[in-house]
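Report on the following structure.
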Protein chains: 2
Amino acid sequence: MALTWQARKALSIVCQDNRTSPLPANRTRDYARPVSKPAGQVEGRTAGNASLQLGVDRSSPVPLYYQLSRQLEEAIEQGKLAPGSLLGNEIDLAGRLGLSRPTVRQAIQSLVDKGLLVRRRGVGTQVVHSQVKRPLELSSLYDDLETAGQRPATHVLHNTVEPASAEVAAMLGLAEGADVHRIERLRLAHDEPMAYLRNHLPVGLLPLETADLEATGLYKLMRNASVTLHSARQSIGARAATAQEAARLSESEGAPVLTMARTTFDDMGRAVEYGSHIYRASRYSFEFQLLVRG
Amino acid sequence: MALTWQARKALSIVCQDNRTSPLPANRTRDYARPVSKPAGQVEGRTAGNASLQLGVDRSSPVPLYYQLSRQLEEAIEQGKLAPGSLLGNEIDLAGRLGLSRPTVRQAIQSLVDKGLLVRRRGVGTQVVHSQVKRPLELSSLYDDLETAGQRPATHVLHNTVEPASAEVAAMLGLAEGADVHRIERLRLAHDEPMAYLRNHLPVGLLPLETADLEATGLYKLMRNASVTLHSARQSIGARAATAQEAARLSESEGAPVLTMARTTFDDMGRAVEYGSHIYRASRYSFEFQLLVRG
DNA sequence: AAGTGGTCTAGACCACACT
DNA sequence: GTGTGGTCTAGACCACTTC
């Protein structure tokens with residue numbers, strides 16, 4: 001949508017589902033250690049707000065900056081670090097934890113990128129007053145529905161390989177007539193139809209068994225097949241349902257529906273999926289959070 | 001929307017309008033310099049793909065990592081760095097430019113975050129096959145319309161201060177009945193109505209002159225008033241237009257409209273704006289790009 | 001074995017905000 | 001002036017990928 005922020009700023013939208021993103025873990029660690037500092041469990045009391053326990057485990061395969069980042073994130077989520085409170089300066093924090101300043105900065109930066117912290121030069125690092133309400137509306141994928149306890153189900157209405165139409169070929173960057181999977185699914189929540197999903201995928205990328213498609217979401221299948229998703233172009237609009245669409249979705253003809261078209265690309269920029277979806281506007285909306293990217 | 005990506009990954013959506021984001025600039029620079037390396041303009045030929053000119057200006061107030069980042073970004077945009085090509089290893093690059101490896105890494109990382117580069121351990125850093133089509137549809141704000149050459153215009157239909165309703169008070173985190181600005185605007189492009197925008201803002205944050213509102217967008221006014229936008233919660237849906245809405249938007253009653261509700265927060269998490277907007281589905285859609293956040 | 005990115009250290013100077 | 005984050009250096013060891 002060219003997302004409506006200030007002209008000079010890029011935008012980032014972050015899904016509220018910010019669970020652990022497990023990094024590629026190192027196995028062991030043997031850097032130059034601080035010679036005279038015992039480090040380890042340190043109860044922060046020297047600076048800023050901190051009255052919380054922080055400490056890193058150098059024998060763990062998890063990167064130090066990531067351990068710290070997670071601890072800070074949890075402290076914020078649990079309210080141990082009050083919104084608006086100062087974190088204490090980076091140097092002290094590094095000293096108390098037995099880490100170097102760059103490592104501490106890396107941890108803090110990752111939380112700034114997530115929108116949990118704000119840094120101000122000359123002032124300090126503060127916890128943002130969280131406006132982190134849980135999503136009230138439903139979300140768009142099987143896994144999200146499942147997470148929200150919405151009892152999702154999928155009916156696979158179509159699952160074939162056929163020649164690509166001009167539109168599909170263009171969106172996937174293939175030659176017209178090239179073989180592609182065509183999948184059509186009806187997504188239900190609590191036994192109520194929510195969305196009609198039509199997807200096209202190039203052949204050879206992953207097996208697409210109807211049973212798998214009914215058991216889980218497409219993206220999870222792709223990830224399991226080691227397809228590394230990288231980016232997507234997406235368009236959200238609305239229109240009146242056709243008679244056929246209305247019948248599928250238990251709506252009446254002419255009822256407003258949300259449309260979403262999306263092409264997904266992998267690491268190397270290959271299009272790996274094109275989806276053209278219809279959602280019942282009466283039961284569905286897209287909810288997300290925007291972060292301004294300095 | 002809890003954005004439909006893989007369960008374990010957070011999502012980021014980036015507006016395609018990624019113009020320069022001017023960093024707080026330093027004035028001078030006098031770090032320890034590499035002693036024996038003349039540095040400066042270097043034509044890359046030693047490693048990887050690079051046959052492009054890179055070089056940094058140490059007398060510039062612009063941070064070195066940012067200078068490098070911009071040069072690489074331009075090279076990618078202009079096709080001087082072909083999609084899929086390797087960038088050459090970080091150490092060589094640092095040596096050739098007379099920079100340290102962390103500085104080079106910082107430059108590269110910023111492009112990885114933007115989705116332009118991909119790093120693979122043991123392999124190298126590659127340029128992503130760009131799928132950067134310009135947005136085909138219109139965008140959502142005055143400035144975006146203007147950028148797209150859409151001849152935007154705004155009619156201010158309402159601009160008062162009045163007590164907050166329960167809904168508005170809740171969204172802005174104020175007490176019910178507290179004074180708030182209420183603004184209603186009709187947004188046109190090429191003299192055609194595109195959207196009906198209703199906004200509420202707390203008083204005292206910035207002056208809201210009707211003339212200003214007709215000349216530019218609300219976010220630009222807020223930025224000019226030194227309101228530092230930080231994040232927003234947003235919901236996109238659809239429904240049938242009421243008779244009144246249809247009349248305002250030159251649609252017929254019952255026509256599908258896109259709805260967007262958004263609360264915007266500043267650095268400290270204060271709600272600075274609540275908007276409840278209606279877009280003509282026949283003329284408008286939201287277009288954006290998603291980036292998977294490792 | 002060689003080459004890459006991923007992580008980490010121990011310093012340093014600078015710009016900015018506050019008192 | 002003092003304290004903060006912003007930037008930068010010159011090293012180091014590690015894990016992963018490819019040959």
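Chain naming here is simple, since letters A, B, ... match the order of the sequence lines and numbering starts at 1 in each. Values in this document were obtained by computation on a predicted structure and should not be read as measured data.
Closest to the side chain of A/R119, from the set D/dG5, C/dC8, D/dT7, is D/dG5. In this structure, the nucleotide among D/dC8, D/dT17, C/dC8 sitting nearest to the side chain of B/S100 is D/dC8. Closest contact between the side chain of B/R121 and the listed nucleotides D/dA15, D/dT9, C/dC8 involves D/dA15. Set against D/dG6, D/dT9, C/dT9, the side chain of B/T103 has D/dT9 as its closest nucleotide. Side-chain proximity of A/P63 to the nucleotides C/dG5, D/dT18, C/dC8 is greatest for C/dC8. Distance from the side chain of B/R101 is smallest for D/dA12 among the nucleotides D/dA12, C/dA10, D/dT17.
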Quiz item: Does the side chain to side chain contact (heavy atoms under 4.5 Å, CB included) test come out yes or no for B/Q109 and A/Q109, once each step is laid out?
Solution: CA-CA 12 Å; B/Q109 186 59 48; A/Q109 186 60 47; over 6 Å; no
Self-check item: side chain to side chain contact (heavy atoms under 4.5 Å, CB included) between B/N224 and B/T216, worked out
Solution: CA-CA 11 Å; B/N224 291 348; B/T216 184; 6.0 Å; no
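Where A/P102 and A/V123 meet DNA chain D, the nucleotide closest to each residue was compared, and A/V123 sits on the side nearer the 5' end.
Contact check, B/N89 against C/dT4: a side-chain N or O comes under 4.0 Å of OP1 or OP2.
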Quiz item: According to the Watson-Crick and G-U wobble definition with distances under 3.5 Å, which dot-bracket string, read 5' to 3', encodes DNA chain C, using [ ] for crossing pairs and | for pairs with another strand?
Solution: ||||||||||||||||||.
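Looking at heavy-atom distances under 4.0 Å, B/R120 makes contact with sugar-phosphate atoms alone, never a base.
Aromatic ring pairs are classed by plane angle as parallel below 30°, tilted from 30° to 60° and perpendicular above 60°; the pair A/F288 and B/F288 is tilted.
Side chain to side chain, B/Y219 and B/E273 meet the donor-acceptor criterion of an N or O pair below 3.5 Å.
The CD atom of B/Q106 sits 17 Å away from the P atom of C/dG5 (whole-angstrom rounding).
With sequence neighbours excluded, no residue satisfies side-chain hydrogen bond (donor to acceptor under 3.5 Å, both in side chains) with A/Q106.
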